[in-house]
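Below you'll find the structure, written out as structure tokens, and then a few comments.
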Amino acid sequence: MMRTASLRVVARSDAGVAVLAAAGPDRARTPATNGSWAESLRQFTRAAVWVLPVYGLLYGASTLGDLHAGGPSSYLAHGQPVRLIGWVAALCLGLIALVAVAAIHAGARGRRSAALGLVVGLVGAALMLSFVVLPGRTRVGVIPSGAFTLAGASLYSVGWLLVGWAVVRSRLFSLVDGVMLIVAAPMLGVAGLLIGPLQTVGAMLAVAAGIGLAWTAGRLIPTVGGPELAGPPVRQGSDGAAAGRPAAYAPVATHDGDAGA
């Protein structure tokens with residue numbers, strides 16, 4: 001009698017990854033599969049959503065007490081380089097938060113709005129960062145730099161508005177969190193540049209919405225079973241799978257057995 005090597009059954013789409021894993025030096029580890037990669041990305045996205053309230057806090061601290069229009073361009077004029085650095089750092093965190101909130105809707109209803117909001121928001125942030133520190137009347141060709149800044153801020157606001165609408169439409173999170181993002185969107189962008197104090201108000205709304213989204217994202221997963229993934233969120237069971245619904249992924253099936261020689 002002799003024991004043969006265990007037989008591992010994998011999906012066709014995972015076969016290449018399984019072969020590479022088997023050829024590695026450590027065969028005792030479980031090979032990576034589409035399901036394990038999806039779970040890793042889901043966990044990373046859940047953690048990244050916590051960047052949203054951090055973004056709101058830093059943005060609010062950088063703009064607190066700002067009574068001037070024009071945003072960061074006025075910081076240089078009034079000798080406030082620390083405020084400018086905080087504003088730029090906050091905007092970078094805002095882009096990470098935008099990616100995280102959009103990514104968590106990749107498999108949910110409203111994913112098209114989230115994806116469109118992500119693209120529009122990234123374009124707007126890039127345009128705004130390129131011209132926001134220049135005085136508004138500085139000519140870039142025949143167009144004043146202030147026009148580019150307002151255009152970028154408007155696109156950035158539209159991006160957050162679309163992502164907020166995705167939160168409302170997906171029904172994965174509280175309706176209030178999505179509404180707060182929609183209300184905060186213009187304050188974080190174009191309205192905040194025109195009226196300085198609105199930036200702080202929008203930042204506080206982003207903090208409140210971000211805490212709600214991050215807390216819910218850590219406890220709930222999207223429903224599985226339809227192309228639009230309709231339905232309310234489902235609580236995780238003790239094994240990490242959605243109670244009463246099929247799991248978003250399944251582990252690789254294995255069959256071990258003894259064969260007679």
Side-chain angles (χ1 to χ4, degrees), residues 47-102 117-141 143-164 177 179-214:
V49 175
W50 281 105
V51 176
L52 179 55
V54 177
Y55 157 61
L57 287 174
L58 183 56
Y59 194 84
S62 301
T63 58
L64 184 63
D66 181 18
L67 302 178
H68 304 281
S73 61
S74 65
Y75 301 159
L76 290 179
H78 294 85
Q80 297 175 318
V82 176
R83 189 189 289 267
L84 174 61
I85 294 173
W87 188 92
V88 173
L91 188 63
C92 294
L93 289 178
L95 294 179
I96 298 175
L98 189 67
V99 172
V101 178
L118 174 60
V119 173
V120 173
L122 291 176
V123 172
L127 188 61
M128 184 166 51
L129 283 173
S130 300
F131 298 96
V132 73
V133 296
L134 298 177
R137 296 183 180 180
T138 302
R139 291 284 177 175
V140 181
I143 302 176
S145 63
F148 289 103
T149 302
L150 288 178
S154 300
L155 291 175
Y156 185 70
S157 296
V158 171
W160 273 113
L161 193 149
L162 290 172
V163 170
D177 296 332
V179 171
M180 284 193 292
L181 277 183
I182 292 175
V183 174
M187 302 181 191
L188 298 173
V190 61
L193 288 183
L194 296 175
I195 305 175
L198 289 182
Q199 298 179 96
T200 307
V201 177
M204 294 302 100
L205 290 174
V207 171
I211 292 175
L213 291 175

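This structure is a prediction, so every number in the text was calculated from the model and none was measured.
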Legend entry - Side-chain touch Met187/Ile195, heavy atoms, less than 4.5 angstrom: no

Inset, instruction - Measure the spacing between CG of Leu193 and OG of Ser157 and express it to the nearest 0.5 Å. - result: 8.0 Å

Inset, instruction - Please round to the nearest 0.5 Å and tell me the distance separating atom CG of Leu91 and atom OH of Tyr55. - result: 6.0 Å

Legend entry - Separation between CG of Leu205 and CG of Asp177, rounded to the nearest 0.5 Å: 11.0 Å

Legend entry - Residues which pass side-chain contact (heavy atoms from CB on, under 4.5 Å) with Leu64, listed by chain and number, not counting sequence neighbours: Thr200

Legend entry - Inter-residue atom distance Leu181.CG - Leu161.CG, 0.5 Å rounding: 9.5 Å

Legend entry - Side chain to side chain, Leu188 and Leu198, heavy atoms closer than 4.5 Å: no

Legend entry - 4.5 Å side-chain heavy-atom contact, Leu122 and Tyr156: no

Legend entry - Separation of Leu150 CG from Ser154 OG (nearest 0.5 Å): 6.0 Å

Inset, instruction - First locate atom CG of Leu155, then atom CG of Leu127, and finally report the distance between them rounded to the nearest 0.5 Å. - result: 7.0 Å

Inset, instruction - For the residue pair Phe131 and Phe148, categorise the inter-ring angle as parallel (less than 30°), tilted (30 to 60°) or perpendicular (more than 60°). - result: parallel

Inset, instruction - Determine whether Leu52 and Leu93 make a side-chain contact, defined as any pair of heavy atoms from C-beta on separated by less than 4.5 Å. - result: no

